[in-house]
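In what follows, chains are A, B, ... by sequence order, proteins preceding strands, each numbered from 1. As a basis for the values below, the full set of heavy atoms in this structure was taken, side chains included, without hydrogen atoms, waters or symmetry mates.
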There are 2 protein chains.
Amino acid sequence: MGNSRVTVREIARLAGVSVATVSRVSNGTGQVSEEMRRRVLEAIEKYGYRPDHLGRALAARRHGALGLVFPGLSGPYFTELIQGFESEAVPARASVHILCTHLREDSDDQVLEMARRVDGVAVVGGTISEPTLLRLAETVPVVVLAGRGLETVPAVSVDNAPAMTTLTRHLLVDHGLRDLVFVGNPDGSPDVSERWAGFQNAYHELDLAPPTEPLRLAMQQHDGVLAAERLLGGDGPAPQAVVCANDELALGVLVGALGRGLRVPEDLVITGFDDAPMAALVSPPLTTVRQPVRELAAEAARLILNAVDAPGVAPDGIVLPTEFVVRRSCGCPAGSPTGGTGK
Amino acid sequence: MGNSRVTVREIARLAGVSVATVSRVSNGTGQVSEEMRRRVLEAIEKYGYRPDHLGRALAARRHGALGLVFPGLSGPYFTELIQGFESEAVPARASVHILCTHLREDSDDQVLEMARRVDGVAVVGGTISEPTLLRLAETVPVVVLAGRGLETVPAVSVDNAPAMTTLTRHLLVDHGLRDLVFVGNPDGSPDVSERWAGFQNAYHELDLAPPTEPLRLAMQQHDGVLAAERLLGGDGPAPQAVVCANDELALGVLVGALGRGLRVPEDLVITGFDDAPMAALVSPPLTTVRQPVRELAAEAARLILNAVDAPGVAPDGIVLPTEFVVRRSCGCPAGSPTGGTGK
DNA sequence: TTGAAAGCGTTACCAG
DNA sequence: CTGGTAACGCTTTCAA
């Protein structure tokens, strides 16, 4: 029982039919007489036959698997991403392969190698080089997740720049702040790059001169604490507001600021991006931009799944809307209205 | 170029040799004359031949893949787990399949299905039923990650109970606290169950009566905030200390307590478990237990990899040591000594 | 409706 | 050293 060493051939012999018939029955394809079907089903049941995935995949020339590639695996953003991706893949009977490149030397090769084991791949923006992305796309359907696509590679992303412009304008106009610092490394990821551009754009729209440089740091809470040290460390005046590239950074800055005895938002305004679960829970709750991370990844999976079934047609990229979430860390009173940035 | 539609047979024809020779060259197995090797290599290079993974896997009767199964995918614990697992699998040229069951109805079937696509599986404790675990183990090598093993299934875990006893004793003896609350659901996972037992055990060792019930909650920061509401909400006296099943809960309780104007640790002592990155960064920094999560997962991957190569031998389980990390949230002054719980 | 046989792409055994 | 050929387990024509 349950031993999966049983093959079609054995079942065929046992049931006194051909392997073709066994295959037809076990797949529900073609026409099989009631009598045959019964005999086969019986044998399948009795010996616990389950078709071997490799044999099947080889014959179908399809792996029944999707790949997901990202740089690291830090924070709630990536866990959401994985779960969103999985939520589409699993019902489609595709298993999910993951690969964290950690930006290793040989990561491009590893991605290429993964492509040989799956039917399609989603790559988080900024993870691999453009030439590699192109080569990848020659092998399997590819979509860029949270990044810019290429001619042959569609992308799913959110409206980062407009969202960040909205948030920054809120600080500049509604709160009359001027001395803002942007925390995040635009070179690290397309998301951050677009947010930094949106941040600067808010100044431009008001004929103000934006800061010329962001505070370049990675995206974890740890880095936020570091940012607080740099910004509030003593030498030089502290900024009026810290605009963070994501919530984790913001949470780190918040912890650092609070730990120094500063009051937020009275002494320092802090904003995030993502609307991670903790953003609403801390005190003061974080003003941020909500982005549909799960949906983003689900959309990517859907795109790939479709491309696998209908090869040749390169679908358009997709941009998902975000929502500006005003809470108290920007200086607004509790219970302020929130507004989306639109589609 | 780069087109992976090229097969051994074509290369063989193109190079004027047999498929066997091509195979030998591309795998570096057997003896091949310099002349042949050169010809084959040339053709391989010219047509960008890469052996097909499925064909190879079918012939070798090995997938070159490992599976990792867990309930959800919340928080830093699971991201560490994945990365630790990957750090062993990737160098061994095995890809990593993941599956979040979300405790779905059909998750047992999904796990069984996954087992048909990989060479071995690591299952996080408490994710699937024991019968399913047993059936799984009939199919492929399995190891339980952070949980109890079975006769045929080894487990890798940490010394949860002694560690939690040490921490609790510290509160009871060194700080003279008596009214502690344990937050976490022992039914949810073996880890929590053991920690709850260790918590109670500290009381027993001192001939004290432990609380009979924990505050049963899930393991995310959100739940910690919930715990703070319940515990500090007004009706009934607040406890002296909240002993959390993990750091995320503790962080949530901390946020909730601070938000209510309580001072930590003066008004309320809070402890965690895991030593997540944030534990050291918040204010006050969290007293907790450090567990080697990455190492745990890496060990699991190694165990499986070995079992794949040497089938039949059921290896022993492994228990990794933890380290008690005393910081300020328990009431100790800054810079207190820390101590391990030993092997 | 059924079965024989030809793949799918690779590896490995066995002669030569 | 080299090549022919038989697996590996399955699906799918193509005839009967």
(request) Using whole Å, report how far NE2 of A/His53 lies from C1' of D/dT11. (result) 14 Å
(request) Would you indicate, yes or no, if C/dT11 has its OP1 or OP2 atom less than 4.0 angstrom from a side-chain nitrogen or oxygen of B/Arg56? (result) yes
(message) Using whole Å, what does the distance between atom C1' of nucleotide C/dT11 and atom CG of B/Asp52 come to?
(response) 13 Å
(message) Within the 4.5 Å heavy-atom criterion, are B/Phe70 and B/Leu99 side-chain neighbours or not?
(response) no
(message) Between A/Thr29 and A/Arg24, is there a side-chain donor-acceptor contact under 3.5 Å, judged purely by atom types and distance?
(response) no
(message) Under 4.0 Å, heavy atoms only, any strand: does A/Val32 hit a base, just the sugar-phosphate, or nothing?
(response) sugar-phosphate
(request) Report yes if the side chains of A/Ile82 and A/Leu73 come closer than 4.5 Å at any heavy-atom pair, otherwise no. (result) yes
(request) Tell me what A/Leu58 touches on the nucleic acid: a base, only sugar-phosphate, or nothing, going by heavy atoms under 4.0 Å. (result) base
(request) Give the rounded distance in Å between these two atoms: CG of B/Asn27 and P of C/dA12. (result) 7 Å
(message) Side chains of A/Tyr47 and A/Glu42, heavy atoms from C-beta outward: is any pair under 4.5 Å?
(response) no
(request) For B/Gln31 and for A/Ala60, locate the closest nucleotide of DNA chain D by heavy-atom distance; then report the residue assigned to the nucleotide nearer the 5' terminus. (result) B/Gln31
(request) Whole angstrom is fine here: how far is it from NE2 in B/His63 over to C1' in D/dC8? (result) 12 Å
(request) In whole angstrom, give the distance that lies between atom CD of B/Glu35 and atom P of D/dT2. (result) 9 Å
(request) Establish, with yes or no, whether the OP1 or OP2 oxygen of D/dG9 is under 4.0 angstrom from a side-chain nitrogen or oxygen of A/Thr7. (result) no
(request) Tell me which nucleotide among C/dT2, D/dT2, D/dT11 gets nearest to the side chain of A/Ser33. (result) C/dT2
(message) Nearest to the side chain of A/Pro51, heavy atoms from C-beta on, is which of D/dG9, C/dT1, D/dC10?
(response) D/dC10
(message) Can you measure B/Leu54 atom CG to D/dC10 atom P for me and round it to whole angstrom units?
(response) 14 Å
(message) So that I can tick it off, tell me whether B/Glu113 and A/Arg50 are bridged by a salt bridge, with the cut-off set at under 4.0 angstrom between side-chain N and carboxylate O.
(response) no
(request) State plainly whether the residues A/Glu130 and A/Arg148 are in salt-bridge range, i.e. N to O under 4.0 Å. (result) no
(request) For B/Tyr49 and C/dT10, give me the distance from atom OH to atom C1', rounded to whole Å. (result) 7 Å
(request) Could you state the atom-to-atom distance from CZ of B/Arg116 to P of D/dC8 in whole Å? (result) 17 Å
Protein-nucleic acid N or O pairs under 3.5 Å, nucleotides 3-6 of chain D:
unit_1, atom_1, unit_2, atom_2, d
D/dG3, OP2, B/Ser18, N, 3.3
D/dG3, OP2, B/Thr21, OG1, 2.9
D/dG3, N7, B/Arg24, NH2, 2.8
D/dG3, O6, B/Arg24, NH1, 3.4

(message) Quick check: do A/Val142 and A/Val123 have side-chain heavy atoms less than 4.5 Å from each other?
(response) yes
